[in-house]
**Student:** 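After the structure tokens below, expect a handful of questions from me.
What you see below is based on every heavy atom in this structure, not just the backbone, and it leaves out hydrogens, waters and symmetry mates. Numbered from 1 within each chain, the chains take letters A, B, ... in sequence-line order.
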Number of protein chains: 2
Amino acid sequence: MASKKPAGKKVPQTTVSRMSLYYRALKQMLGNGITATSSAALSKDVGFNDAQIRKDLAYFGQFGVPGRGYEVESLLEAIAGVLGINRRWKVALVGVGHLGYALLAYKGFGDQGFDICCAFDNDPDKIGKTWEGVPIHDIAEAVDVLREKQIELGIIAIPEAAAQNALDTLVVGGVKSVLTFAPGRLRVPPGVRVRRVDLAMELEWLSYHATSVT
Amino acid sequence: MASKKPAGKKVPQTTVSRMSLYYRALKQMLGNGITATSSAALSKDVGFNDAQIRKDLAYFGQFGVPGRGYEVESLLEAIAGVLGINRRWKVALVGVGHLGYALLAYKGFGDQGFDICCAFDNDPDKIGKTWEGVPIHDIAEAVDVLREKQIELGIIAIPEAAAQNALDTLVVGGVKSVLTFAPGRLRVPPGVRVRRVDLAMELEWLSYHATSVT
DNA sequence: TATTGTGAAGGAATTCACAGCC
DNA sequence: GGCTGTGAATTCCTTCACAATA
């Protein structure tokens, strides 16, 4: 449960995302029967500088052997421990519109240890139903359900106007980490972490680069 | 069509995403009848340092008046020009699974000037149908359709295994900017830009932070 | 020989601070 | 007085380069 940081330096924002990529690359190696690797080999797979990879890993411990490299399986476990995916997480979904339903139906989350175990909506036609094995509750009952089921992570997939309410509800229910797809800024209480995915922004990034033909 | 860069310095990676946020904040101001603003006021809305905002804008021109600030409407237009959203873009969607359907159904894209005007899949049950007003073609015919309709942007919403093929097909069809939801690394031809959104990675970011209780 | 872990160097992005303009 | 635009200072991140280790 405890993280493996040896009281080291501050971990850069960017390092965590790269750790996810190392994890994938290593898992694929393991699937291919490769048992040993090196920062140079990983570098080829993920596209970052090899020193970058060594430095990222070093924030969390010493996992390699000088002259030999890394043992794939043990490094995988180490990274899983760092990312907190060597366990299962209970996730609540707020909003079962098209996007919410896509998230419900996406099997990949379960494979990674994320169990969407309840959903909330305000549409009477959906409340009480069970979709993809997940019960849909009235958003008005969310706090009780969240507390009872001890939900730890939340996903917000509703329009911007209702997103702040959804976040506040999740927080009251004990959720401290939230992924949101709603655009717009949220007031985030202290101790709570919100990660935003903004699809329109990503498209705008594309149109910017397509416009200024570099 | 031409971008408004006055042959200035290199634009930081991060600036473009922030421009999208400025755009939203300004649009909201305009909706509220606010006609003038300042970097300090914008700073309150978007949460970045005011100097940051001025510097971001300065990469693309001089839009403000010292002592007075910015005129909301003209700044909006300027940013729209920079981002390339003062026009409409034709977008192709590859993969009409749950996520693809959610993207088809999302009205927000149209509002921002992005028209998903064709979709591709390999499921015979879907090919030939029209969903949300968008015709679904056989992925095998994609190159012809892309060229004929002069599609400029692509969205990939299919599993990892088929993503590379999808990208290659889009590129042959003339698409140079692609947003992908498939995890895993893609071989990207020169001159093509790929932006990746990785939902599992975002959840892992949450679990990391929920684990190492800062 | 091969490779890690890391201090030092280099580069990129952010913030400071202020001259100049309204 | 208020605010922009921008050089300078600072902070943050990446890459280099090498001593240490197997």
Side-chain angles (χ1 to χ4, degrees), chain A residues 4-22 25-26 29 34-72 74-76 78-79 82 205 208 214, chain B residues 4-22 25-26 29 34-72 74-76 78-79 82 205 208 214:
Chain A
K4 241 176 215 185
K5 260 173 280 186
K9 298 166 196 172
K10 200 168 61 75
V11 178
Q13 297 290 329
T14 42
T15 290
V16 179
S17 303
R18 284 194 298 266
M19 295 296 280
S20 290
L21 298 178
Y22 305 153
L26 288 162
M29 282 182 185
I34 297 166
T35 59
T37 189
S38 68
S39 57
L42 267 170
S43 170
K44 288 247 173 78
D45 281 8
V46 297
F48 304 115
N49 183 288
D50 59 333
Q52 175 84 84
I53 296 174
R54 294 197 297 278
K55 194 142 266 193
D56 283 340
L57 296 175
Y59 286 112
F60 305 105
Q62 309 215 148
F63 305 118
V65 181
R68 317 291 280 116
Y70 301 91
E71 207 267 311
V72 173
S74 69
L75 184 54
L76 256 177
I79 294 179
V82 166
W205 191 94
Y208 167 80
T214 313
Chain B
K4 244 177 211 185
K5 260 175 278 184
K9 297 165 194 174
K10 201 170 57 80
V11 178
Q13 298 290 330
T14 41
T15 289
V16 179
S17 303
R18 284 195 297 267
M19 295 295 280
S20 291
L21 298 178
Y22 305 153
L26 288 163
M29 282 182 185
I34 298 167
T35 59
T37 187
S38 67
S39 58
L42 266 170
S43 171
K44 288 246 173 78
D45 280 7
V46 297
F48 304 114
N49 184 289
D50 59 333
Q52 175 83 84
I53 296 173
R54 294 196 298 278
K55 196 144 264 195
D56 283 339
L57 296 175
Y59 287 111
F60 305 104
Q62 308 216 148
F63 306 117
V65 181
R68 319 286 282 115
Y70 302 91
E71 207 266 312
V72 173
S74 68
L75 184 55
L76 256 177
I79 295 178
V82 167
W205 190 93
Y208 167 81
T214 314

**Student:** Between B/Thr14 and C/dA13, is there a side-chain N or O to OP1/OP2 distance below 4.0 Å?
**Tutor:** no
**Student:** If I take atom OH in residue A/Tyr70 and atom C1' in nucleotide C/dT3, what distance separates them, rounded to the nearest angstrom?
**Tutor:** 9 Å
**Student:** Measure the OG-OH distance between A/Ser17 and B/Tyr208 for me, rounded to the nearest 0.5 Å.
**Tutor:** 11.0 Å
**Student:** Using side-chain heavy atoms (C-beta onward) and a distance below 4.5 Å, is B/Asp45 in contact with B/Leu21?
**Tutor:** no
**Student:** In whole angstrom, give the distance that lies between atom CD of A/Glu71 and atom P of C/dT3.
**Tutor:** 16 Å
**Student:** Are B/Phe60 and B/Val11 side-chain neighbours, meaning at least one heavy-atom pair lies under 4.5 Å?
**Tutor:** yes
**Student:** What is the first contacted nucleotide of DNA chain D and what is the last, in 5' to 3' order, if contact means an atom lying under 4.0 angstrom from a heavy atom of chain B?
**Tutor:** D/dG2 to D/dA8
**Student:** Check whether the side chain of A/Lys55 and the base of C/dT6 form a donor-acceptor pair under 3.5 Å.
**Tutor:** no
**Student:** Heavy atoms only, 4.0 Å cut-off, all strands: where does B/Thr15 land among base, sugar-phosphate and nothing?
**Tutor:** nothing
**Student:** Would you kindly give the CG-to-P distance between B/Asp50 and C/dA17, to the nearest whole Å?
**Tutor:** 12 Å
**Student:** With the side chain counted from C-beta on, respond yes when A/Tyr59 and A/Pro12 share a heavy-atom pair under 4.5 Å apart, and no when they do not.
**Tutor:** yes
**Student:** If I take atom CD in residue A/Gln62 and atom P in nucleotide C/dT3, what distance separates them, rounded to the nearest angstrom?
**Tutor:** 18 Å
**Student:** Starting at CD of A/Gln52 and ending at P of C/dT4, how long is that distance when rounded to a whole Å?
**Tutor:** 14 Å
**Student:** Is any side-chain heavy atom of A/Tyr70 closer than 4.5 Å to one of A/Leu57?
**Tutor:** yes
**Student:** Roughly how far, to the nearest 0.5 Å, is the CG atom of B/Asn49 from the CZ atom of B/Arg54?
**Tutor:** 7.5 Å
**Student:** Please figure out whether A/Lys10 or B/Arg68 has its closest DNA chain D nucleotide nearer the 5' end.
**Tutor:** B/Arg68
**Student:** Return the value, rounded to whole Å, for the distance between atom CG of A/Leu57 and atom C1' of C/dG5.
**Tutor:** 11 Å
**Student:** So does B/Lys9 get a side-chain nitrogen or oxygen closer than 4.0 Å to the phosphate oxygens (OP1/OP2) of C/dG11?
**Tutor:** no
**Student:** Round to the nearest Å and state the distance from A/Leu42 atom CG to C/dT3 atom P.
**Tutor:** 12 Å
**Student:** Roughly how far, to the nearest 0.5 Å, is CH2 of A/Trp205 from CD of B/Gln13?
**Tutor:** 6.5 Å
**Student:** Just how far, in rounded Å, is P of C/dC21 from CZ of B/Arg54?
**Tutor:** 16 Å
